[in-house]
Amino acid sequence: MTGQRLSTGVSGLDDILDGGLIHPRNVLIRGSPGSGKTIFGLHFLSAGIDAGETSLYVNMGEPQAYVEETADAFDLHTEEIHFHNISPTEEQFSERNSYSVFESAEVEQPDFIAELREKIDEIEPDRVLLDPITEFRHLTTDERQFRSGILGLLDYLKEIGAMGMLTSQAGGPIKDDDIQFLVDTVISLDVTSESRMVTVSKFRGSSFRRGDHFYDISTAGLEVWPELVPDTQKQAIDAEPLSSGVDELDELLYGGLDQGTITMLSGPTGVGKTTTGLQFLIQAALAGKQSVLFQFEEAEWTIRDRAKAIGLPLQAALESGELSIVEVSPDEYTVGEFEQLLREAVTDGTEVVMIDGSQGFQENLRGLADTTSALVRIGRFLRSASITTLLINEVHNITGDFQASEERTSNLADNIVFLRHVEYRGEMRKVIGTLKMRTSDFERSLRELEITADGIRVGEPLPQLRGILTGTPDWNEDAGGTDRDVADTDQV
């Protein structure tokens, strides 16, 4: 049926194509050698077989045995795919008047064209793959003959109601601009040393997701991870703020973090950002909220040991089944794969996500061209899905000018909680404060933060401490309070 959507058979790509390919419009898959064009085409044919259709592979390049081995490796219905091999000579293709692949029967045509038509008429395929169509160029005498041949083939396939897919070797001296002009849909596969990207540049008769989308080829076949976009389905948001379980910290935030917001915990190394974030995450899990920690900075076992050393009930939260830790090792995932992990977490009902941290995010993911854009995209997706998000953000300057973020993502955060080292009478101390809360009021003062063997301690407000935001903090005795205010904290 004309206009019917057909699956490409490639996981994730149908979402990019707004539901799939449009029958019987044709499609060009273009890319450099090794990009996966043949595997893509085999997925397309296999999807047709799954739908009860007939699929024909017109082989113009690799030996059929190699193609069959490839299909077998990915369990893509090798036995049910019809194969037809074309090995025309230049003399056959350049015979006089052979300007169209399927012209009127009155015109004399090369033997291989007649054989292909007989094959198509014999099996009446619903899907046809010509791999690679650029082989036709080497067999024609001029560009006009090449274009006429391709156009005649596409018109014939549409006439019989067959969906045609062509592959094209693109890159370097090989050009396929003329083929792109002739087809209805153009999908490009781009390979770099770090990642693979798929881009739809043309899709007649339908909308589609623009931009570059990551893909990869594994033992499961070719899989595409669409770029994250804000979800239209939001989860219900709990009106009660997310508590840290530390009374003084909640007081600083006027009750806790509003759920469904993005909170940036910012500070230099060793100041307690991860520990503070874990305090919220564990509390959420123990309250029955499904939570996930995406750990870029440390191994899971170090997180467990650190939590145990300071009395955080991380083990209890993990055993409850409400908290899980996903360790993201260097070069293990592309940005697209990580975004897919987030998408799956949201689908599975996750309510709280912690990303630790921005530096590891930048260094560990493959194919990350722009850290800021990726974090902004991820943040908008999680916010639109009503996920409470904690982003651990490291700034490199331990002292000196104040910075909320080095990735220019502070505008993404609904809340910014900063932690800093300060010197007081020859001792290094830690303080915590709130720079911004978009959805509620907050305490403007600073408090001392201590991480002890008995847990996190947050002290009373410190009106004497001035100049944190200028980069040169000092202690003003005339502002009130006593020396013991800095260390006089309540244990939780």
Side-chain angles (χ1 to χ4, degrees), residues 234-267 271-289 291 312 351-356 379 382-393 402-405 409-420 422 429-451 455-469 473 479-481 485-486 488-492:
K234 293 187 176 183
Q235 301 182 39
I237 299 179
D238 193 339
E240 193 70 22
L242 180 64
S243 171
S244 66
V246 179
D247 291 342
E248 291 76 15
L249 181 53
D250 287 347
E251 288 176 8
L252 183 68
L253 302 170
Y254 275 29
L257 302 175
D258 284 345
Q259 301 198 46
T261 61
I262 299 172
T263 300
M264 179 181 292
L265 295 173
S266 171
V271 78
K273 304 181 300 297
T274 298
T275 301
T276 304
L278 276 175
Q279 185 72 47
F280 281 100
L281 199 66
I282 292 170
Q283 188 71 14
L286 294 179
K289 298 182 182 297
S291 307
L312 288 181
E351 297 180 69
V352 185
V353 165
M354 176 170 157
I355 298 175
D356 183 21
L382 292 173
R383 182 193 285 127
S384 70
S386 304
I387 305 298
T388 304
T389 305
L390 297 163
L391 173 61
I392 308 303
N393 179 77
F402 178 87
Q403 285 183 289
S405 167
T409 54
S410 56
N411 62 320
L412 166 69
D414 300 298
N415 316 311
I416 298 179
V417 177
F418 64 91
L419 298 85
R420 290 293 184 271
V422 296
R429 305 287 183 90
K430 300 172 183 177
V431 296
I432 185 170
T434 305
L435 185 64
K436 166 185 169 183
M437 290 192 75
R438 185 170 286 162
T439 57
S440 71
D441 202 356
F442 58 92
E443 184 179 293
R444 267 67 178 177
S445 59
L446 299 172
R447 293 178 179 242
E448 185 178 17
L449 172 71
E450 288 186 284
I451 300 174
I456 291 180
R457 296 178 177 180
V458 176
E460 295 297 322
L462 300 173
Q464 304 94 336
L465 188 60
R466 305 292 178 86
I468 284 286
L469 300 185
D485 286 334
V486 180
D488 186 14
T489 58
D490 295 326
Q491 179 177 332
V492 179

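Keep in mind the model is a prediction, meaning the values are calculated, not measured.
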query: Under the criterion side chain to side chain contact (heavy atoms under 4.5 Å, CB included), which of V431, T275, L419 is the partner of L449?
result: L419
Exam field: side chain E351 to backbone S291, donor-acceptor pair closer than 3.5 Å: no
Distance-only polar pair, side chains of Q283 and K289, donor-acceptor under 3.5 Å: no
statement: In short, F442 meets Y254 closest at the heavy-atom pair C-CE1, 3.6 Å
query: Under a 4.5 Å cut-off applied to non-hydrogen side-chain atoms, are I262 and L412 in contact?
result: yes
field: Side-chain heavy atoms of L253 within contact of M437, under 4.5 Å
entry: yes
message: With a 4.5 Å cut-off on side-chain heavy atoms, are I432 and L249 touching?
response: yes
statement: Closest non-hydrogen atoms of I451 and K430, given as atom of the first, atom of the second and distance, are CD1-NZ, 4.4 Å
- prompt: Nearest heavy-atom pair of L446 and G433: which atoms, and what distance?
  reply: CD2-CA, 3.9 Å
message: Could you measure the distance from the CG atom of L252 to the CZ atom of R444? Nearest 0.5 Å is fine.
response: 11.0 Å
- prompt: Is any side-chain heavy atom of V352 closer than 4.5 Å to a side-chain heavy atom of I387?
  reply: no
- request: May I ask you to decide if F418's main-chain N or O and R420's side chain share a donor-acceptor pair within less than 3.5 Å?
  value: no
field: Minimum-distance pair of heavy atoms, taken over all atoms of L242 and A284
entry: CD1-CB, 3.5 Å
- request: Ignoring hydrogens and angles, state whether a donor on the side chain of T261 or D414 is under 3.5 Å from an acceptor on the partner side chain.
  value: no
- prompt: Are any side-chain N or O atoms of T388 and backbone N or O atoms of G260, one a donor and one an acceptor, separated by less than 3.5 Å?
  reply: yes
- prompt: Quick one: are K436 and M264 in side-chain contact, heavy atoms under 4.5 Å?
  reply: no
- request: List the atom of L390, the atom of F280, and the distance in Å for their closest heavy-atom pair.
  value: CD1-CB, 3.8 Å
query: Going by heavy atoms in the side chains, are L257 and P241 under 4.5 Å from each other?
result: no
query: Taking 4.0 angstrom as the limit, do D356 and K273 come out as a salt bridge?
result: no
- request: Please tell me if the side chains of M354 and I392 come closer than 4.5 Å, counting only heavy atoms from C-beta onward.
  value: yes
message: I'd like to know if R447 pairs up with E251 as an ion pair, taking the criterion as any Lys NZ or Arg NE/NH1/NH2 lying under 4.0 Å from an Asp or Glu carboxylate oxygen.
response: yes
